[in-house]
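Just so it is clear: chains get the letters A, B, ... in the order the sequence lines come, proteins before strands, and each one is counted from 1. Side chains are part of it too, since the values below use all heavy atoms of this structure and drop only hydrogens, waters and symmetry mates. What you see is a predicted model; the values in this text were computed from it and never measured.
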There are 2 protein chains.
Amino acid sequence: MNLKELSHLLGISQTTVSRALNGYPEVSEATRARVIAAAQAHNYSPNTRAQGLATGHSRCIGHVISVNDSGEMVNPIFGDFMAGAGETYAAHGYDMMMTRVGAQDESDTYRNLQARGAVDGLVVHAPRNSDARLPLLTEIGLPFVVHGRSTGTDLDYSWLDVNNRRAFQDAARYLVSLGHSRIGLINGQETLDFAIRRREGYVSALAEAGLSVDPTLMVSGEMTEKYGFASASAMLDLPNPPSAFLVSSIICAVGVRRALDARDLKQGSDVSIVTFDDCLSYFANGSETPVFTAMQSSVRAAGAALAQMLIDRINTPDAPHTQTLWEADFVIGPSTGPYKSPHTKD
Amino acid sequence: MNLKELSHLLGISQTTVSRALNGYPEVSEATRARVIAAAQAHNYSPNTRAQGLATGHSRCIGHVISVNDSGEMVNPIFGDFMAGAGETYAAHGYDMMMTRVGAQDESDTYRNLQARGAVDGLVVHAPRNSDARLPLLTEIGLPFVVHGRSTGTDLDYSWLDVNNRRAFQDAARYLVSLGHSRIGLINGQETLDFAIRRREGYVSALAEAGLSVDPTLMVSGEMTEKYGFASASAMLDLPNPPSAFLVSSIICAVGVRRALDARDLKQGSDVSIVTFDDCLSYFANGSETPVFTAMQSSVRAAGAALAQMLIDRINTPDAPHTQTLWEADFVIGPSTGPYKSPHTKD
DNA sequence: GCGCCATTCCAAAGCGCTTTGACATGAGAG
DNA sequence: CTCTCATGTCAAAGCGCTTTGGAATGGCGC
C-alpha cells in the first residue's frame with residue numbers, strides 16, 4: 001500500500017492524505033479521522049526512503065563502532081548504551097543505525113555516511129585525546145554529540161561525560177583513608193580520554209596523601225575479564241604487592257577477584273577492590289547489596305540522555321552546544337576494608 | 001555533491017556517470033576511470049535514499065531487539081553478535097539497523113518495518129516456542145533468518161543454531177561421569193527455545209544415568225550475574241544441595257562462583273561448574289587456560305554466518321531454506337572435578 | 001444576488017537516483 | 001560508397017513522498 005493507492009481508495013488527493021497524516025492544520029478533522037482510520041486498516045506507513053528523499057532528512061541516527069586495534073574486542077557497555085538511546089530515538093520517530101569500522105578507514109566511514117545522507121546525526125563513542133573525528137564532523141557539517149570528552153581540542157561541541165577524574169580521585173582517597181598505601185590502578189586503554197582522566201584522579205589523590213606513584217602499579221589496556229585477571233595477578237606477585245585495586249570496569253573487577261581467589265586472598269579483608277560500574281543490566285552491582293565497592297553511573301541513562309541531546313541538536317542546529325557532567329555515585333560494598341598487613345594472621 | 005553536479009562537472013550525462021559507477025558494461029573503460037576518479041576526488045557517494053527509492057531496495061538489515069518483560073535486561077551477547085554480523089554486512093554494502101521494542105507492540109514493529117520499506121530483511125533474535133514472528137514475517141513477505149530455532153511450527157524457514165540439547169546432555173553426562181548425582185540447572189528463560197532444549201538435554205542425561213530429576217534443582221530466568229548468584233545460593237542452602245551446576249551463560253557462572261565464594265566452597269573441588277560460553281570478547285574463557293569447564297560456541301561467528309545467510313536469502317528468495325546446526329566445543333577447565341562428599345575433609 | 005474570506009482540497013513540481021528506449025558515431029561488410 | 005552493427009552516450013520516465021501555489025466550495029455580510 002502506498003500513498004497513491006490509499007488516496008484513490010479514499011477518493012481524496014495524495015496531498016490531503018499526506019497532510020492529514022502529518023498533522024497539518026489545513027485538513028478538516030473529519031477527513032483526518034477518515035484518513036487515519038484507513039491508513040491503519042491497510043497498514044499504511046509512508047515509505048521511509050521516499051519520505052526521506054522529499055524532506056531531505058533520513059530520520060536516522062548513526063553509531064559508528066570502532067573495533068579496536070587487535071580487531072577483537074567489543075565494548076560490553078555497548079548493548080546497554082544502545083538500549084537507552086533506542087528508547088529515546090523510538091519516542092521521536094528516529095531509526096538507529098550501526099556501522100562497524102576498523103581503525104584505518106575511520107574518517108572515510110564518517111565522510112561516506114555524510115555523503116550518502118545516511119544519517120541525520122551521530123554519536124561519537126570512545127573519544128580519544130585530540131580526537132580527529134570532532135574536527136572532521138564539524139567540517140563536513142554532520143551534527144554529533146560525544147559520549148565522553150576529548151581534551152586537546154579548542155572546538156566547541158556537545159558532550160555528556162561522567163566526572164571520571166573526580167570519581168577515581170574520591171575512590172583513591174577512600175582507599176587511602178582505609179590505610180592503603182599501595183593501590184593498583186587497572187585502567188582502560190589510555191589512548192581513550194576517560195582513562196587518562198581516571199589516571200589523573202588516581203595520581204592526584206596519591207599525591208595529596210603524600211604517597212609515591214609506582215609505575216608498576218599502573219596498567220592500561222582493554223577492559224576484559226582476562227586483562228583484569230592478568231594485571232592483578234602480576235601485581236600481586238610483585239615483591240611489594242598492592243593491598244588495594246582501583247579498577248576501570250566491573251568486567252575487569254571480576255578478573256581481579258579471580259586473581260585473588262587463585263591466591264586464596266579474601267577480597268575486602270586481604271585485598272580491597274573498588275571498581276567503576278556502568279550499571280550494566282546483566283551485571284547489576286545492586287544498590288541494595290552491592291557486590292563491589294563502586295563508582296557507578298548508568299551507561300544506559302547516558303545513552304538516553306545523549307540521544308536526546310543529539311535530537312535537540314538536529315532540530316535546532318544553531319542552539320549553543322551543551323555540556324553535561326555527571327557525578328558517579330560512590331557505593332560501599334564488601335569488596336573494601338581497612339588495610340591489613342600481609343603478615344597479620346586472622 | 002550529487003549526481004547531477006558530478007555529471008555537469010564531467011560534461012557527461014547522469015546516465016553514463018551512474019552506469020560507470022555501478023559497473024555496467026555499456027560504458028568505456030576510459031570514461032569509467034575518469035568518472036571514478038572524479039567521484040573520489042569530490043567525495044561523491046550516491047544518496048542512499050534516492051538510490052533506494054529508485055531500486056526499491058534499502059540495502060539495510062534490521063535487528064529488532066525485544067526488551068524483556070520487566071523492560072530492563074539487555075542481552076550481553078548482543079554486542080558480539082552485531083560485531084560479527086556487521087562485518088558481513090559491511091562487506092556486502094549493507095547497513096545495519098536496530099529497533100528496540102517492548103513485548104506488547106512487537107508485531108506492529110515488524111509490520112511497520114515492512115510497510116515503510118525500511119529494511120530488506122531481518123534477523124529474528126531469541127526465538128520462542130511457536131514464535132508468532134515467523135508466520136508473521138512469512139505472511140508479510142519480509143525475508144528473515146532466525147538465530148536459534150522455534151519448535152512448534154511447521155513453517156519452513158532458515159536458521160542457524162547451536163546444538164543446545166546435545167551440549168547440555170554431554171555436559172551433564174560429563175558431570176555424572178565425575179560422580180555427581182545432584183546437579184543444579186541454572187537455565188535461561190524457558191519461554192525461549194534454546195533454554196527448553198538445554199533443559200531437555202539435561203533431563204535426558206540424568207534419565208539415562210538413572211538419576212531422578214529434582215525440580216528444586218532446576219531454575220529458569222534472565223541470565224544475569226545476580227540471577228546466577230541467587231539461584232546457586234538458594235540451591236546450596238538446600239538440605240541436600242547439589243555438588244555441581246550446569247549454567248547457561250558465563251555471566252551467570254560468575255554469579256555462581258560468587259555464591260561458592262560466599263560459602264567458602266572451592267569450585268572444582270567442592271562444587272563443579274560447567275557453563276555455556278558464547279565466547280564474548282570481553283569475557284574470553286580462553287582455550288589455552290580455560291576459566292570454566294564450558295560448552296563454547298562463538299556468538300560472533302554466528303552473527304557473521306547469519307548475516308551471510310540473510311543476504312543470500314535476499315538475493316535469491318526462491319532458493320531453498322538453509323538450516324545450520326553447530327556443535328558446541330566442550331573444553332575442560334578447573335571448574336570441574338570428581339564428586340566429593342560434603343563430609344569429606346581435605 | 002454579489003463579492004469576499006475561510007476553509008478544504010488538489011495538481012504538479014521536485015527530492016536524487018536508476019533504467020528504459022532511443023540516438024549518434026565510427027568501423028567493417030558488401 | 002552505402003548499409004549494417006556494435007559501441008558509447010543521452011533524455012526522460014519513474015520510484016513514493018512532501019510541499020508550493022492555486023482553485024474550488026460554502027458561509028457570511030452587504
Item to check | Main-chain N/O of A319(B) paired to T316(B) side chain as donor or acceptor, under 3.5 Å | outcome: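 Between the backbone of A319(B) and the side chain of T316(B) there is no qualifying donor-acceptor contact (under 3.5 Å).
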Checklist entry - What residue pairs, at least two apart or across chains, pass salt bridge (Lys or Arg N to Asp or Glu O under 4.0 Å) with a residue in residues 311-324 of chain B? => result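 As it turns out, there is no salt bridge (Lys or Arg N to Asp or Glu O under 4.0 Å) pair with a partner in residues 311-324 of chain B once direct neighbours are skipped.
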Item to check | salt bridge (Lys or Arg N to Asp or Glu O under 4.0 Å) pairs, two or more places apart, involving residues 47-65 of chain A | outcome: none
Checklist outcome for this item: Sorted by chain and residue number, the side-chain hydrogen bond (donor to acceptor under 3.5 Å, both in side chains) partners of E106(B) (sequence neighbours excluded) come out as S66(B), R128(B)
Checklist entry - Can you name the side-chain hydrogen bond (donor to acceptor under 3.5 Å, both in side chains) partners of R149(B), sequence neighbours left out? => result D161(B)
Item to check | Spacing of L10(A) atom CG relative to dT8(C) atom P, expressed in whole Å | outcome: 17 Å
Checklist entry - Atom CD of E26(B) to atom C1' of dC5(D): distance rounded to whole Å? => result 16 Å
Set of residues satisfying side-chain contact (heavy atoms from CB on, under 4.5 Å) with respect to [X], sequence neighbours excluded:
X       : result
L155(B) : L134(B), P135(B), T138(B), T153(B), Y157(B)
I36(B)  : L21(B), R32(B), Q40(B)
T31(A)  : I12(A), T16(A), V27(A), S28(A), V35(A)
A50(B)  : L53(A), N47(B)

Checklist entry - T31(A) side chain N/O closer than 4.0 Å to the phosphate oxygens (OP1, OP2) of dC9(C)? => result yes
Item to check | Residues which pass salt bridge (Lys or Arg N to Asp or Glu O under 4.0 Å) with D95(A), listed by chain and number, not counting sequence neighbours | outcome: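 So D95(A) forms a salt bridge (Lys or Arg N to Asp or Glu O under 4.0 Å) with R116(B).
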Next on the checklist: What stems show up for DNA chain D when you take Watson-Crick pairs (N1-N3 plus N6-O4 or O6-N4) and G-U wobbles (N1-O2, O6-N3), both under 3.5 Å, and require three or more consecutive pairs?
Outcome noted: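 For DNA chain D the paired stretches long enough to count as stems (3 pairs minimum) are C:1-30 with D:1-30.
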Under 3.5 Å, which protein N or O atoms sit close to an N or O of nucleotides 14-21 of chain D? Give each pair with its distance.
residue : atom : partner : partner atom : Å
dC15(D) : O2   : A54(B)  : N            : 3.4
dG16(D) : N2   : A50(A)  : O            : 3.3
dC17(D) : OP1  : Y44(A)  : OH           : 2.8
dC17(D) : OP1  : N47(A)  : N            : 3.2
dC17(D) : OP2  : L3(A)   : N            : 2.3
dT18(D) : OP1  : N22(A)  : ND2          : 3.1
dT18(D) : OP1  : Q51(A)  : NE2          : 2.9
dT18(D) : OP2  : S18(A)  : OG           : 2.6
dT19(D) : OP2  : Y24(A)  : OH           : 2.5
dT19(D) : O4   : T15(A)  : OG1          : 3.1

Next on the checklist: At a heavy-atom distance below 4.0 Å, what parts of residues 108-120 of chain B sit against DNA chain C?
Outcome noted: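 Correct list: empty, so none.
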